[in-house]
Q: 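Quick one: this structure, given as structure tokens, is what I'll be asking you about.
By convention in this document, chain letters (A, B, ...) are assigned in the order of the sequence lines, proteins followed by strands, and residues within each chain are numbered from 1.
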2 protein chains.
Amino acid sequence: MTIDSRLSWTQVRDEIRARILNRTYAPGDKLPRDEDLAQELGCARTTVHRAMQDLSLAGLVERKRKGGTRVKSDPVTRATFDIPITRREVEQRGSKYGYQLIQRSVELTPPAIMARFGLPTAIKMMRVKALHLSDNRPFILEDRWIDIRSNPDILEVDLTTQSANEWLVLHKPYSRLDLRFYAMNATGEIAKHLDTPDTSAVLVIERTTWIGADPITTVQAVTMPGYQLSSVS
Amino acid sequence: MTIDSRLSWTQVRDEIRARILNRTYAPGDKLPRDEDLAQELGCARTTVHRAMQDLSLAGLVERKRKGGTRVKSDPVTRATFDIPITRREVEQRGSKYGYQLIQRSVELTPPAIMARFGLPTAIKMMRVKALHLSDNRPFILEDRWIDIRSNPDILEVDLTTQSANEWLVLHKPYSRLDLRFYAMNATGEIAKHLDTPDTSAVLVIERTTWIGADPITTVQAVTMPGYQLSSVS
DNA sequence: AAATTCAATATGTAGCTACATAATAATGTC
DNA sequence: GACATTATTATGTAGCTACATATTGAATTT
């Protein structure tokens with residue numbers, strides 16, 4: 001867009017955002033209709049619409065058909081995070097990637113895993129424990145459960161050389177994702193695999209995916225001490 | 001849109017996504033031009049454009065003017081997180097919110113804080129340590145630095161009753177945000193304030209904001225043991 | 001008065017045109 | 001051949017029209 005021509009949708013968005021932070025439109029208030037704002041700012045309704053969509057995505061406003069647009073009463077900081085494939089993450093840091101399969105079995109899901117998927121009863125799933133290495137040092141320890149009903153082909157994959165992480169991300173689309181982060185003290189077995197002192201604090205990434213209503217996989221990825229996650233710019 | 005009429009942009013997006021996961025368009029491949037895809041799928045270029053924008057935002061493809069669209073070679077899991085104002089977070093869990101100011105001073109920024117902002121030299125900033133309580137139990141301990149050049153009015157705010165967290169979020173817009181999560185062992189002073197055994201693992205949220213190139217504030221928020229962050233659906 | 005129906009309304013979506021912009025490819029000049 | 005200039009091309013943006021859809025609120029019926 002040209003600077004001195006009409007307003008671009010980003011400019012409109014910034015103007016509205018400024019007004020919200022100005023208290024011109026206070027938290028909980030109803031904003032003017034798109035069309036009125038468009039007329040006031042001298043642009044088309046589509047432009048205001050685009051701006052509003054962005055603000056809505058950013059969590060600043062809430063829109064409802066007919067109901068109009070209102071400023072969210074409790075502002076939140078919304079940020080995006082990228083969780084790359086572990087191999088790529090290691091390689092992008094300029095380190096050598098390594099992978100070790102620790103365990104591969106078929107087991108009945110314990111209650112904790114059923115809870116993650118929201119399953120009412122226990123079923124048999126494939127369980128894979130593996131260690132990702134960076135320059136031959138432990139990097140991430142993963143404990144994964146895979147639903148063999150929705151992914152029977154995983155049984156054919158050679159998991160001694162290829163990580164289930166990578167195979168699933170590349171071959172299994174998901175429609176729903178739950179990601180959560182928390183801290184824990186590395187206990188006996190985990191501390192041993194990560195080669196770290198007992199009770200050292202580690203960041204855990206828990207990732208569960210479904211396709212439709214069917215579970216695909218859930219992983220608990222325990223990162224090495226000092227690991228840090230940062231938002232995408 | 002009507003089901004049996006033309007394709008909606010979400011349908012187009014899903015179709016393209018399916019093809020990417022199908023390996024019809026493999027990682028690194030160049031996708032057809034928007035216009036060609038539009039013709040093939042029987043919709044307008046704008047519709048394909050919208051779909052592509054979404055896929056680009058989701059991190060699945062990369063677009064460049066003239067260069068066209070290509071499938072990102074290393075797929076990532078992208079998720080969004082909301083960091084609410086602490087008071088709201090506590091209240092939404094149905095607990096009573098409490099707040100205690102621990103320290104309020106003006107100090108020269110140590111190297112660690114300069115690094116967070118990318119400052120070349122040390123400057124004087126306001127430092128605020130405070131404890132957020134949930135049902136009278138420690139919930140989050142924050143150690144905050146505020147640039148008094150860009151926020152002189154913070155000096156007038158009574159921080160014994162109102163948290164700087166809330167005041168800043170409500171009154172200070174930011175143009176750039178850096179969020180990072182990591183785990184640490186609660187040390188002496190932190191463990192004491194959080195009323196938790198020494199060395200227990202805690203999740204730390206570090207949040208730094210700028211307006212333009214100017215620093216606004218940076219916080220290290222140490223959460224209580226067991227705290228968990230989860231992605232928005 | 002309660003329930004149902006229906007009209008009004010604000011946002012959501014699709015398609016079209018026109019032009020802007022950035023990156024590449026082709027061309028011309030020295 | 002190296003460099004600068006220009007044309008080409010694919011995506012990005014803005015505006016318009018038309019219609020879809022959800023929700024509110026008024027009108028109507030029971």
Q: Which of residues 47-63 of chain A sit near DNA chain C, with a heavy atom under 4.0 Å from it?
A: A/H49, A/Q53, A/R63
Q: What pairs of residues pass the ring-ring contact (aromatic ring centres under 6.0 Å, His included) test when at least one of them lies in residues 25-75 of chain B, not counting sequence neighbours?
A: none
Q: To the nearest angstrom, how far is A/R45 atom CZ from D/dC19 atom C1'?
A: 11 Å
Q: In whole angstrom, what separates B/Q11's CD from C/dA14's P?
A: 8 Å
Q: Could you walk me through whether A/D147 and A/R149 pass the salt bridge (charged side-chain N to carboxylate O under 4.0 Å, His left out) check?
A: CA-CA 5 Å; A/D147 191 340; A/R149 298 170 308 176; 2.8 Å; yes
Q: For A/G67, report the nucleic acid contact type (base, sugar-phosphate, nothing); a contact means any heavy atom under 4.0 Å.
A: nothing
Q: Considering only side-chain heavy atoms of B/W9, which listed nucleotide, C/dT13, C/dA23, D/dT11, is closest?
A: C/dT13
Q: Starting at atom CG of A/L41, determine the distance to atom P of D/dG15, rounded to an integer number of angstrom.
A: 11 Å
Q: Report the residues that fulfil salt bridge (Lys or Arg N to Asp or Glu O under 4.0 Å) with A/R19, sequence neighbours left out, ordered by chain and then residue number.
A: A/E15, A/E40
Q: Mind checking whether A/F81 and B/F181 have parallel, tilted or perpendicular rings, split at 30° and 60°?
A: parallel
Q: Just checking, is any N or O donor in the side chain of B/R78 or A/T80 under 3.5 Å from an acceptor N or O on the other one?
A: no
Q: Rounding to a whole Å, what distance do you find between B/Q39:CD and C/dG15:P?
A: 13 Å
Q: Near DNA chain C, counting only heavy atoms under 4.0 Å, which residues of residues 27-38 of chain A show up?
A: A/R33, A/D34
Q: Is the phosphate of C/dA14, meaning OP1 or OP2, less than 4.0 Å from a side-chain N or O of B/S8?
A: yes
Q: What side-chain donor-acceptor pairs closer than 3.5 Å can you find for residues 211-219 of chain A, not counting sequence neighbours?
A:
{"from": "A/T217", "atom 1": "OG1", "to": "A/R144", "atom 2": "NH1", "distance (Å)": "3.3"}
{"from": "A/T217", "atom 1": "OG1", "to": "A/W145", "atom 2": "O", "distance (Å)": "2.9"}
{"from": "A/T218", "atom 1": "OG1", "to": "A/R116", "atom 2": "NH1", "distance (Å)": "3.0"}
{"from": "A/T218", "atom 1": "OG1", "to": "A/T208", "atom 2": "OG1", "distance (Å)": "2.9"}

Q: Check whether the side chains of A/Q11 and A/S8 place a donor and an acceptor atom closer than 3.5 Å, and report yes or no.
A: yes
Q: Going by side-chain contact (heavy atoms from CB on, under 4.5 Å), name the residues that satisfy it together with B/R13, two or more places apart in sequence or in a different chain.
A: B/W9, B/T10, B/R17, B/A51, B/D54, B/L55
Q: Expressed in angstrom and rounded to an integer, what is the separation of B/R65 atom CZ from D/dT13 atom C1'?
A: 8 Å
Q: If you find the nucleotide of DNA chain D closest to B/K66 and the one closest to B/T46, which residue's nucleotide is nearer the 5' end?
A: B/K66
Q: For the residue pair B/S56 and B/R63, confirm or rule out a side-chain donor-acceptor distance under 3.5 Å.
A: no
